[in-house]
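Structure incoming, see below.
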Amino acid sequence: MSEEKSLNFIEEIIEDDLKDGKYNSIVTRFPPEPNGYLHIGHATSICLNFGLSKKYGGYTNLRFDDTNPVTEETEYVDSIKEDVKWLGFDWKNELYASDYFEQLYEYALKLIEKDLAYVDDSTSEEIALLKGTPTEIGKDSPYRNRSKEVNLQLFKEMRAGKYKDGERVLRAKIDMAHPNMLMRDPILYRIKHAHHHRTGDKWCIYPMYDMAHGQSDSIEKVTHSLCTLEFVPHRELYDWLIEKLEIFPSKQIEFARRNVSYTVMSKRKLLQLVQENHVQGWDDPRMPTISGMRRRGYTPEAFREFCDRVGIAKRDVLIDISLLEFCVREHLNRVALRRMVVFDPLKVVITNFTEGVEILEGEDNPEDEKSGNREIPFGRELYIEREDFMDNPPKKFFRLFPGGMVRLKYAYIIRCDEVVKDENGVVQELRCTYFPESRSGHDKSGINVKGTLHWVEQTNAITAEVRLYDRLFEVEDPSNEEGDFKDYINPDSLKLEKTVYAEPALKNARLEERYQFLRKGYFTLDTKDTNQRLVFNRTVTLKDAWAKEQKKR
RNA sequence: UGAGCUAUGGUGUAAUGGUAGCACUACUGAUUUUGGUUCAGUCAGUUAAGGUUCGAAUCCUUAUAGCUCAACCA
């Protein structure tokens, strides 16, 4: 075992805290806002938070940061829970920032009592104006020096619904000249007469992120509160509030968000792809959402392995998608059932095969000794892949050509004797002879062939549809290109093969099962489009040395 | 142009003052009844310039580059 594996910087912090006796175990949380679907970026955060608490003996809460009623919905809560579970993690408590609204309100009162917060009647434009800029200090609001009593009165009236949206806010009283703009009297509470997905119409004032997040961490006794780099400037405020409120000191630690090449990850952009119909929904198999990739056939094991391998850092990264593809291939190679499917059929007649059908056996998975076998019918008329035959092959072409020999996987060696073409010279059928003594596993023919082809017997073949997905974008980093990211959408990200021919064993395909279509790639049944017919999504191709060889020319 | 964060092969990540290592990708070759898998190997890196030190990817200084901050979003 590789217990030698070095620690990342967060693990170092945790181990130091544990060693110093600061804590005996740790508490982390995964805090999504229920206003969208989870994506790969969230998956890495989930693996981090749950992975850490598991490693150091503690637990992780699932906490919804639901402090903005206008964007949040129960639909998102449900999909988020489903995704976290699917990734293989169990949260200790399912919590909501909205559970703490009363407590948070008390905290706000406490700040007012300590003369550390005040009600501001300015408009949002006025506040923005006085806030200054990154290079210019701000100026005090004219309402900054109201008395505690007035502030208390006003804030209670805000809660009571006496004012309209935007009329007043509660602000922390810190320092309008602070170099960190977040410390220039940040807004703590705003008025929103909106229906909340959990508290209904009970509240018309809602805490801002900074007033809610750290305090929620603290209420839950979260020891290590992990978030992404853009929250670094918030840490000062996070600590300030905890200190002034004199509550449990949760510690915020920031790490870099992990982007993946050839896709986009921001909620805004993903939403655009959905709304403008560039994809068919949040769970479109081309989307980097967890629901999309699940539908495409990615596995939780592959995600977790990916997160492990990617590691953790404090600089912005763009991870090569081929690492994710490696992880899913590695897992699927171990678990996928092998099946033969011909996408673009070319008829082969075995001229010396006369009986009806011979039943052969094929192993379900050569990587798994415990896997079984399935029966495969062989007969006089077969389909092979049209691209597996060439009239005038280049050198290093190991497949079928006039006079050439190949093995049919699990079956016999055949020789191509005759090529039948139509009047346009298009190949219609191949007439071949087979060598009965060359049967797979019992080969006494002494013939050596370079190539092995997949095939299906015609009379027993079943049909299916396959959907071949490719990367959604043509460039590595669509967000970083000139112009609109949507200009770089790959027009060929989805290729449909309406009718493909499969061996009969695939008739019993199951939703949870993963398949490797020999020489084609890994496939799984689509979860949505299933009425009356078999529809398979391609998760990822196999590595293809021949395709590479051809590309070089 | 103020403040903060970051900088190691194409990509991601180690080395915690003492041999720059691992993985992915790419490329060779071997094995193979999947041009898959497996195995062996190759290419390739400390942003720059100074300084401290017997010794610097690591500490210091300066520069450069990238990211973040001017939402009543999170």
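Computed from a prediction, not measured in an experiment: that's the story for all the values here. In what follows, every chain begins at residue 1, and chains take the letters A, B, ... in the order their sequences are listed.
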Salt bridge (charged side-chain N to carboxylate O under 4.0 Å, His left out) contacts touching residues 442-456 of chain A (sequence neighbours left out): A/R407-A/D443
Contacts of type side chain to side chain contact (heavy atoms under 4.5 Å, CB included), residue A/V310, not counting sequence neighbours: A/R258, A/F306, A/I319, A/L323
Counterpart residues, salt bridge (charged side-chain N to carboxylate O under 4.0 Å, His left out), relative to A/E33 (two or more places apart): none
Got a list of protein N/O to nucleotides 66-72 of chain B N/O distances below 3.5 Å?
unit_1, atom_1, unit_2, atom_2, d
B/C67, O2', A/D316, OD2, 3.1
B/C72, N4, A/S122, O, 3.3
B/C72, N4, A/S124, N, 3.3
B/C72, N4, A/G166, O, 3.0

Qualifying residues under ring pair (Phe, Tyr, Trp, His ring centres under 6.0 Å), relative to A/Y76, sequence neighbours excluded: A/Y37
5'-to-3' dot-bracket of RNA chain B (Watson-Crick, G-U; under 3.5 angstrom; crossing pairs as [ ]; | other strand): .((((((..((((....[..)))).(((((.......)))))....(((((..]....))))))))))).....
Contact list for RNA chain B against residues 358-367 of chain A - heavy-atom distance below 4.0 Å: A/P366, A/E367
Salt bridge (charged side-chain N to carboxylate O under 4.0 Å, His left out) partners of residues 332-344 of chain A, not counting sequence neighbours, each pair once: A/R339-A/D364
Of all pairs that satisfy salt bridge (charged side-chain N to carboxylate O under 4.0 Å, His left out), the ones with a partner from residues 128-139 of chain A, not counting sequence neighbours: none
Contacts of A/F397 that satisfy ring pair (Phe, Tyr, Trp, His ring centres under 6.0 Å) - sequence neighbours left out: A/W546
Qualifying residues under ring pair (Phe, Tyr, Trp, His ring centres under 6.0 Å), relative to A/Y522, sequence neighbours excluded: none
Set of ring pair (Phe, Tyr, Trp, His ring centres under 6.0 Å) partners for A/Y262, sequence neighbours left out: none
Sugar-phosphate only, base, or nothing, as touched by A/R329 at under 4.0 Å among non-hydrogen atoms: nothing
